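Report on the following structure.
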Amino acid sequence: MKPNNVILKSVTRVAVVIILTFSFYLFMNGHHHPGGGFIGGLSMAAAIVLMYLSFGVEKVRENIRMDFKKLGAIGVLIAIGTGTVSVLFGKPFLTQTFGHYDLPIFGDTELASALIFDTGVALAVIGTAVNIILSISEDH
């Protein structure tokens, strides 16, 4: 007999949206306040793992066709690349630069190279955390 997971699946649908929204907030706020790529990526990975637990590995893999090993590697390359770019301009490794731009909808907005670095860190964390959980689940 198959277990009835209606409540778990219903709560997961709402919780994943809330978790992903909060992780995006943590990610975007990270270079001014606590947060950033690591905790934003970790909370995003938690939402993905929650979907795997609620809906099953095969069902989620049908809908999220992503190789998390490659995602982690791409994240590491982006993070290292942002540090290397500053060296090419004669600055120390991982030196940040930023500027203020007047964007049409958002108005005066600060754009920083730290956001690119945080993107790499987030992708590396998501790829690594989800890959570890999936590897453990395959060993049962």
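Because the structure is predicted, anything quoted here is derived from the model rather than measured.
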Mind listing the closest non-hydrogen atom pair of Ala45 and Ile126 along with its distance? CB-CA, 4.2 Å

Roughly how far, to the nearest 0.5 Å, is OH of Tyr101 from OG1 of Thr109? 11.0 Å

Heavy-atom count around Phe22 CZ within 6.0 Å, excluding the residue itself: above 12? no

Minimum-distance pair of heavy atoms, taken over all atoms of Tyr52 and Val57: CD2-CA, 3.6 Å

Is Ile19 reachable from Met66 through a run of hydrophobic residues whose side-chain heavy atoms are each under 4.5 Å from the next? yes

Can Val130 be reached from Met51 by stepping across I, L, V, M, F, W or Y side chains whose heavy atoms are under 4.5 Å apart? yes

Answer yes or no: is there a side-chain heavy-atom contact under 4.5 Å between Met44 and Phe27? no

Out of curiosity, Thr128 OG1 to Leu42 CG, how far, rounded to the nearest 0.5 Å? 10.5 Å

Anything under 3.5 Å between a donor and an acceptor, one on a side chain of residues 70-97, the other on a protein residue two or more places apart or in another chain? List them.
{"unit_1": "Thr82", "atom_1": "OG1", "unit_2": "Ala79", "atom_2": "O", "d": "2.8"}
{"unit_1": "Thr84", "atom_1": "OG1", "unit_2": "Ile80", "atom_2": "O", "d": "2.8"}
{"unit_1": "Ser86", "atom_1": "OG", "unit_2": "Gly83", "atom_2": "O", "d": "2.7"}
{"unit_1": "Ser86", "atom_1": "OG", "unit_2": "Pro92", "atom_2": "O", "d": "3.0"}
{"unit_1": "Ser86", "atom_1": "OG", "unit_2": "Leu94", "atom_2": "N", "d": "3.1"}
{"unit_1": "Ser86", "atom_1": "OG", "unit_2": "Thr95", "atom_2": "N", "d": "3.4"}
{"unit_1": "Thr95", "atom_1": "OG1", "unit_2": "Pro92", "atom_2": "O", "d": "2.6"}

Out of curiosity, Ile116 CD1 to Leu111 CG, how far, rounded to the nearest 0.5 Å? 9.0 Å

Interatomic distance, Tyr25 atom OH to Ser43 atom OG [nearest 0.5 angstrom]: 12.5 Å

Got a sec: does the CZ of Phe55 have more than 12 other heavy atoms crowding it under 6.0 Å? yes

Over 60° means perpendicular and under 30° means parallel, so tell me whether His100 and Phe98 are parallel, tilted or perpendicular. perpendicular

Treating Ile, Leu, Val, Met, Phe, Trp and Tyr as nodes and any side-chain heavy-atom pair under 4.5 angstrom as an edge, say whether Leu134 and Leu123 lie in one connected cluster. yes

Closest heavy-atom pair, Leu20 versus Ala47, reported as atoms and distance to 0.1 Å, is CD2-CB, 3.8 Å

dist Arg13:CZ -> Leu50:CG (nearest 0.5 Å) comes out at 11.5 Å

Please answer: with hydrophobic residues joined when any side-chain heavy atoms are less than 4.5 Å apart, are Ile64 and Val16 in the same cluster? yes

Within this structure, what is the CD1-CZ distance for the pair Ile133 and Phe68, rounded to the nearest 0.5 Å? 11.5 Å

